Undergrad: 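Dumping the structure here so I can ask a few things about it.
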Amino acid sequence: MFSSRLDWAAGPNPLSRLLHNKRSAGAEILDLTESNPTAAGFSYCSQLVLAALADPRSMRYEPAPAGIIAARAAISEYHSNRIPVDRILVTASTSEAYGFLFKLLANPGDEVLAPRPSYPLFEYLAALDSVRVVQYPLVYHGGWAIDFEALGSRITARTRAIVTVNPNNPTGSFLKKAELSQLTALCRTHDLAIISDEVFSDYGFEDDPARVRSLSEVEDVLTFSLSGLSKVSGLPQLKLGWIVVSGPESLRKQALDRLELIADTYLSVGAPVQWAAALLVGSREEIQGQILARARENLALLRNKIGADSPWQVLDVEGGWYAVIQAPRIHTEEEWVLTLLDQDNVLVQPGFFYDFEKEAFLVLSLLTPSDIFGEGVQRILGRA
Ligand SMILES: Cc1ncc(COP(=O)(O)O)c(C=O)c1O
């Protein structure tokens with residue numbers, strides 16, 4: 001009856017089952033996985049947001065497949081006016097942008113390369129377009145880097161694109177300039193596009209000239225840079241994302257024409273959020289400041305509590321909304337997360353949710369309110 005696109009196991013896992021049981025029994029859980037900024041105790045300027053969404057121009061329906069010019073101009077401004085509006089296409093989220101790009105670049109059964117560990121949603125997004133995700137490893141030697149040998153060896157005749165997440169979720173590692181050169185050389189050789197997920201690029205903890213902030217000005221490879229209001233303005237509920245297209249002119253134009261056709265088929269982005277984009281993107285510094293301050297505070301606490309002689313280790317992190325800690329191997333990841341929840345009422349994510357290649361890693365959200373974060377970390381460290 002149903003298509004095989006949805007053949008993944010969607011049932012509850014042991015962690016979600018235990019969480020449900022604990023909450024039903026009234027346990028007070030310290031949730032160190034909260035990554036919804038609207039539920040993490042930040043103070044939004046709701047008047048500004050709601051007033052921006054009430055623009056009278058929203059009462060008129062004027063379909064614009066690539067997006068209303070005012071919204072694309074706001075995104076161009078976000079990119080310091082270095083990207084002309086005709087290279088920008090709006091979508092109803094970054095997730096939708098992935099779907100558009102898989103439709104644009106891949107036939108059913110084709111492959112895209114995506115980093116491991118990384119954000120688990122790619123697998124599902126690709127499956128919905130009958131595209132296969134092949135993972136390439138990021139390796140950790142005190143900092144994360146792309147394993148280019150492994151990446152090269154995974155390119156086949158069916159590979160269409162390489163996804164890079166910059167900075168990556170949950171490792172918080174930025175792409176470096178030297179890596180970008182290797183990446184573009186590989187893509188030129190094999191005729192591949194780059195999909196650059198830049199949703200967290202404003203959340204770097206320190207400046208580092210070796211890092212690449214955005215791939216939106218890559219010239220020699222067809223490149224799609226993705227972001228959206230979810231992270232840029234901490235407003236995931238408003239559903240506005242975007243794609244910036246860069247690369248050789250002829251490919252870029254063909255890609256944009258085809259993307260417009262895809263977007264025209266759905267016309268999914270509502271007018272109010274597009275008219276609001278200038279104000280919402282323009283006022284991002286207020287919420288970004290709060291998020292960065294909390295992430296830095298939580299990270300400092302973590303580094304402070306996990307000293308050099310601890311059996312625990314905080315992995316290097318350059319930006320983003322997460323920290324990864326390595327746990328002593330006295331338990332598997334699953335045992336760690338289940339024990340922490342069952343006995344300490346602390347909820348964290350296991351590394352295997354993100355496909356870490358080995359055990360045992362725990363992923364903590366740096367968006368967690370700092371009192372909860374501090375108490376949660378105390379209980380975690382008390383276990384070993
Ligand atoms: C790396 C990454 N890309 C994309 C998304 C999805 O963003 P959106 O809400 O715009 O679909 C997320 C959400 O957490 C993410 O972590």
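Computed from a predicted model, the values in this text were never measured in an experiment. Counting convention: from 1, in listed order, for ligands and their atoms alike.
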Undergrad: Counting only heavy atoms from other residues, nucleotides and ligands, does the tally under 6.0 Å from CG of Asn81 exceed 12?
TA: yes
Undergrad: Test of understanding: with side-chain hydrogen bond (donor to acceptor under 3.5 Å, both in side chains), list the residues that count as partners of Ser130, not counting sequence neighbours.
TA: Arg5
Undergrad: Taking side-chain contact (heavy atoms from CB on, under 4.5 Å) as the criterion, tell me which of Ile194, Ile195, Thr184 meets it with Leu215.
TA: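 Output: one option passes, namely Ile194.
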Undergrad: When rounded to the nearest 0.5 angstrom, what distance separates CG in Leu301 from CD in Glu297?
TA: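 Nearest 0.5 Å value for the CG-CD distance: 7.5 Å.
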Undergrad: Where does the angle between the aromatic ring planes of Tyr98 and Phe102 fall among parallel (under 30°), tilted (30 to 60°) and perpendicular (over 60°)?
TA: tilted
Undergrad: Using 30° and 60° as the class boundaries, would you call the ring planes of Tyr266 and Phe100 parallel, tilted or perpendicular?
TA: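 Correct class here is parallel.
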Undergrad: Let me know which protein residues bring a heavy atom to under 4.0 Å of ligand 1; chain then number is fine for ordering.
TA: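 Residues near ligand 1: Ser93, Thr94, Ser95, Tyr119, Val165, Asn169, Asp197, Val199, Phe200, Ser230, Lys231.
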